[in-house]
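All residue numbers in this chain count up from 1 along the given sequence. Please read all numbers here as calculations on a predicted model, not as lab measurements. For the numbers below, each heavy atom of this structure counts, side chains included, while hydrogens, waters and symmetry mates do not.
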Amino acid sequence: MGNAKSSAVSKEILEDLKLSTKFTETEITQWYENFQKSCPSGRITPKEFEVIYSRFFPESNAQTYAQHVFRSFDTNDDGTLDFKEYIIALHLTSTGKTTRKLEWAFSLFDVDKNGYITKSEVTEICSAIFKLIPKDKQAELPNDENTPEKRANKLWTFFEKEDNERVAEGEFIKGVMDNEDALRLIQYEPANK
């Protein structure tokens, strides 16, 4: 049924993904086939990722946020996502445990990848998240969350840091887990209608 190397995911990657995600062999194999059809090169570029990601937010501008998400999942910094990076991204954002999701969220907010988050990085990501919120939904936001800056300020207060201080990963995870508002502010999920 064709060349095994081009039509099937390698045993090594399959076993690794089964161990590091909750996905079954059948699911991984199906996703691999779809991935190969959509990305014959075996890699997703940032532009392709933006197109895919924007489908989840048709009424919004998802470009900036998609760029940050892409950066956080491009673990080998080669400017593309391979199948393994793509599946791990899918797992973390859909079915991963809360702590793992927050570890990923930290990497999303850690724009310069130095192991800490600054208030300016929080503002940058909050601005990208804000663009995901449709204009009509923005008008319904509470007064202390109706601009990217206000959202960033509100989120920053949960970490109990001065504006010029920085937050480590453990502090970020604790700050978000200890407060439902913080968890809500680090993401945007469109309401399913």
Short side-chain donor-acceptor distance under 3.5 Å, K119 and N164: no

Just distance, no hydrogens or angles: give the donor-acceptor pairs under 3.5 Å from side chains in residues 50-58, sequence neighbours left out.
{"residue": "E50", "atom": "OE2", "partner": "Q67", "partner atom": "NE2", "Å": "3.2"}
{"residue": "S54", "atom": "OG", "partner": "E50", "partner atom": "O", "Å": "3.2"}
{"residue": "S54", "atom": "OG", "partner": "V51", "partner atom": "O", "Å": "2.9"}

Please identify each residue that fulfils side-chain contact (heavy atoms from CB on, under 4.5 Å) with E121, with sequence neighbours left out. D110, V111, D112, I117, T118

Using side-chain contact (heavy atoms from CB on, under 4.5 Å) as the criterion, list what pairs up with D82, not counting sequence neighbours. R43, K84, E85

Does K150 come within less than 4.0 Å of E145, counting only side-chain N to carboxylate O? no

Go through the structure and list residues passing ring-ring contact (aromatic ring centres under 6.0 Å, His included) with F35, not counting sequence neighbours. F83, Y86

Could you check whether atom NZ of K154 has more than 12 heavy atoms from other residues, nucleotides or ligands sitting under 6.0 Å from it? yes

Run the side-chain hydrogen bond (donor to acceptor under 3.5 Å, both in side chains) test against E59 and tell me which residues pass, sequence neighbours left out. none

Check A168 against F106 and note the closest heavy-atom contact, atom names and distance. C-CE1, 3.6 Å

State the SG-CZ distance between C126 and F109, to the nearest 0.5 angstrom. 5.0 Å

Does some side-chain heavy atom of F23 sit less than 4.5 Å from a side-chain heavy atom of H91? yes

In Å and rounded to the nearest 0.5 Å, what is the CD to NZ distance from Q138 to K131? 11.0 Å

Which atom names give the shortest non-hydrogen contact between T21 and I28, and what distance separates them? OG1-CD1, 4.5 Å

When you check the gap from the basic side-chain N to the acidic O, do K113 and D77 get nearer than 4.0 Å? yes

ring-ring contact (aromatic ring centres under 6.0 Å, His included) against F70, all qualifying residues, sequence neighbours excluded: F49

Which heavy-atom pair separates I186 from V176 by the least distance, and what is that distance? CD1-CG1, 3.9 Å

